[in-house]
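Report on the structure given below.
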Amino acid sequence: MYKFLTCVLLLGLASVSSTCLADPIKPVQLGQSVLRLNGPWKFHTGDDARWAGSGFDDSAWESMNLYAPPDANDGDVGIAPYISGWSKQGHPNYHGYAWYRLRVAVTPPAGETLALLGPWAVDSSYQVYANGILLGGVGDFSAATPTAYGNHYPRYFELPPELTKGGPITFAIRVWAGPWVGGTGGIHVAPVIGTRDAISAQYRLQWLKIVEGYAVDVVPALLFFLAAAMVLCLWRLERANRAYPWLAAALLCSGLQRGNQAIFFWLQIETIQDYVIFILTLVGSCTLGAWMMAWRAWFKLDKPAWLPKLVAALTAIYAVAHLVAYPWLYHAAFPHAVTRTMYYLITWTHHAFLLVYLAILFLGIRREGREGWHALPTALAIGMVLFISEVVLLHVPGIWFPFGVGVSTSEYASVISVLLLSALLLRRLWSRAAVSQPTALEESPA
């Protein structure tokens, strides 16, 4: 009986097609399970409130399939099954409004009611309607330009009472893609319909995946913060050491940058604009500059004297270039030549930071000798975190999927770098204690 119901489910889904205009509503028999609404959906760019209604004629719209192979994931967290969006289905680089529509006739099992699991990953915001009734969505549509947050928010929707017992339903999904989406856009994971308990279980599994996916950012962030606290404690013992305040600043910035990933994707409180301005631009620029100055102070490089000015200039250029490269931050439009120039400036400034970093390590090892070589593994691990975009050009994988959870190379490098830095600091503390111990013995009474 179960196999029979499964076959009916698959046949019902396949029959929902625009080619059968004479009979646009096809039956879907739901068993004790869920059904992924892969479509094909009717799709149209633009925006019109009438498109939410069940009576609207969408027969002239194009068809768009949301089917993806079960093992196709997003290349980040491991969300599956994942499709590229409308950019790969005839609408490259399109941003703005678009609608998806699908008609189904649902028959739930006896005594069961229905629910909908929203599309899990959408660029950038969306609203879901059932027979013209707004169920909810992700993002704020109250203003002329919607507000977008992260794009990995699972959503559970109770169907209206008149629809929970089954019957013809027209699902309409209104999507808005921001100008930052580039080569993506639209729905990446098809919504799922099923019995209320089954959908609730799927909803919890999706949130578990999101928590797992970004918990790997929380761990290195906490390690960065703990290392910063350790550095500040050591600074109290060596107030004259200029490396400690720079190290603490660099570690705090690195912790903020890494830990913000979890805040951005777990909580719907930080907008895309907030992320670009505060994390990508300000914190990101300060992180690079602080690490340059930290290693300069660690190696006691007083020369060249102009190095701090160069680092300050690169930090300022990097921040300003980010702000100018994204005119949508201010709802403005700059000439294409300006934004393109800023993208090049961001890339080459980052390369310049890398050259400065390597120069500091070279000069530091030459000056410090053995002590410099002791610091090199830590500095290289930090360099992997700061310059991962350059590292992947050497064909180093940028992300790994142990146990199905995406862990980036920079996350691995972050943990390793903190452990190495802690060992380096403890070695320095031990050396300081060893030097001071004979003096204490000499001063003790015979």
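Note that the structure is predicted; figures quoted are calculated from it, not measured. Start at 1 with the first residue, then count along the sequence.
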Can you check whether Val276 reaches Trp180 side chain to side chain, under 4.5 Å on heavy atoms?
no
Considering all heavy atoms of both residues, which atom of Asn65 and which atom of Gln89 are nearest to each other, and what is their separation?
O-NE2, 3.2 Å
Using a 3.5 Å distance criterion without hydrogens, assess whether the side chain of Ser87 forms a donor-acceptor pair with backbone atoms of Asn93.
no
May I ask you to decide if Lys300's main-chain N or O and Arg367's side chain share a donor-acceptor pair within less than 3.5 Å?
yes
Evaluate the side chain to side chain contact (heavy atoms under 4.5 Å, CB included) criterion for residues Tyr149 and Ser124: first the C-alpha distance (whole Å), next the side-chain angles of each, then the deciding distance (0.1 Å), finally the verdict.
CA-CA 7 Å; Tyr149 301 90; Ser124 304; over 6 Å; no
Going by atom types alone, do Trp400 and Thr409 pair a side-chain donor with an acceptor below 3.5 Å?
yes
Rounded to the nearest 0.5 angstrom, the OG-CZ distance for Ser285 and Phe353 is 7.0 Å
Please check if the side chain of Arg36 supplies one atom and the backbone of Pro81 the other of a donor-acceptor pair under 3.5 Å.
no
Derivation and outcome, side chain to side chain contact (heavy atoms under 4.5 Å, CB included), residues Tyr214 and Asp76:
CA-CA 10 Å; Tyr214 293 103; Asp76 182 17; 3.3 Å; yes
Those residues that, when tested against Leu208, pass side chain to side chain contact (heavy atoms under 4.5 Å, CB included) (two or more places apart)
Glu212
Set of residues satisfying side chain to side chain donor-acceptor pair (under 3.5 Å) with respect to Tyr344, sequence neighbours excluded:
Arg340
If the condition is ring pair (Phe, Tyr, Trp, His ring centres under 6.0 Å), which residues does Phe387 pass it with, not counting sequence neighbours?
His350, Tyr357
Pairing residues for Leu363 by the side chain to side chain contact (heavy atoms under 4.5 Å, CB included) criterion, not counting sequence neighbours
Leu301, Pro304, Arg366
Working note: Trp61 + Trp51, criterion ring pair (Phe, Tyr, Trp, His ring centres under 6.0 Å); need CA distance, chi angles, decisive distance, verdict.
CA-CA 11 Å; Trp61 287 17; Trp51 298 348; 5.0 Å; yes
Measure from NZ or CZ of Arg239 to the centre of the six-membered ring of Trp235 and say whether it is under 6.0 Å with the direction within 45° of the ring axis.
yes
Pairs meeting criterion side chain to side chain donor-acceptor pair (under 3.5 Å) with involvement of residues 264-279, two or more places apart
Arg155-Gln268, Asn260-Glu270, Thr271-Asp274
Dump the intermediate steps for side chain to side chain contact (heavy atoms under 4.5 Å, CB included) on Thr170 and Tyr129, then the final yes or no.
CA-CA 8 Å; Thr170 298; Tyr129 295 83; over 6 Å; no
Report yes if the distance between the aromatic ring centroids of Trp99 and His44 is under 6.0 Å, otherwise no.
no
Give a yes or no answer on whether the side chain of Thr281 reaches the backbone of Phe278 with a donor-acceptor pair at less than 3.5 Å.
no
Counting only heavy atoms not in Arg242, do more than 12 sit closer than 6.0 Å to its CZ atom?
no
One thing to verify: whether Asp58 and Arg50 come together as a salt bridge, which I'm taking to mean a side-chain N less than 4.0 angstrom from a carboxylate O.
no
Where does the angle between the aromatic ring planes of Tyr100 and Trp86 fall among parallel (under 30°), tilted (30 to 60°) and perpendicular (over 60°)?
parallel
Evaluate the ring planes of His322 and Tyr326, with Trp represented by its six-membered ring, and classify them as parallel (under 30°), tilted (30 to 60°) or perpendicular (over 60°).
tilted
Centre-to-centre under 6.0 Å for His91 and Phe43, is that the case here?
yes
Whether the Asp74 and His188 side chains hold a donor-acceptor pair (N or O, under 3.5 Å, no angle test) is what I'd like checked.
no
Walk me through it: do Val138 and Asn151 pass the test side chain to side chain contact (heavy atoms under 4.5 Å, CB included)?
CA-CA 8 Å; Val138 171; Asn151 59 351; over 6 Å; no
Which residue pairs pass the salt bridge (Lys or Arg N to Asp or Glu O under 4.0 Å) test when at least one of the two sits in residues 410-427, sequence neighbours left out?
Arg258-Glu411, Glu371-Arg427
Determine yes or no for a side-chain-to-main-chain donor-acceptor pair under 3.5 angstrom, with Tyr330 supplying the side chain and Leu323 the backbone.
yes
Would you say the rings of Trp120 and His152 are close, in the sense that their centroids are separated by under 6.0 Å?
no
Should we count CH2 of Trp207 as having more than 12 external heavy atoms under 6.0 Å?
yes
Scan Tyr126, Phe157, Trp41 and name whichever one has a side chain to side chain contact (heavy atoms under 4.5 Å, CB included) with Pro191.
Trp41
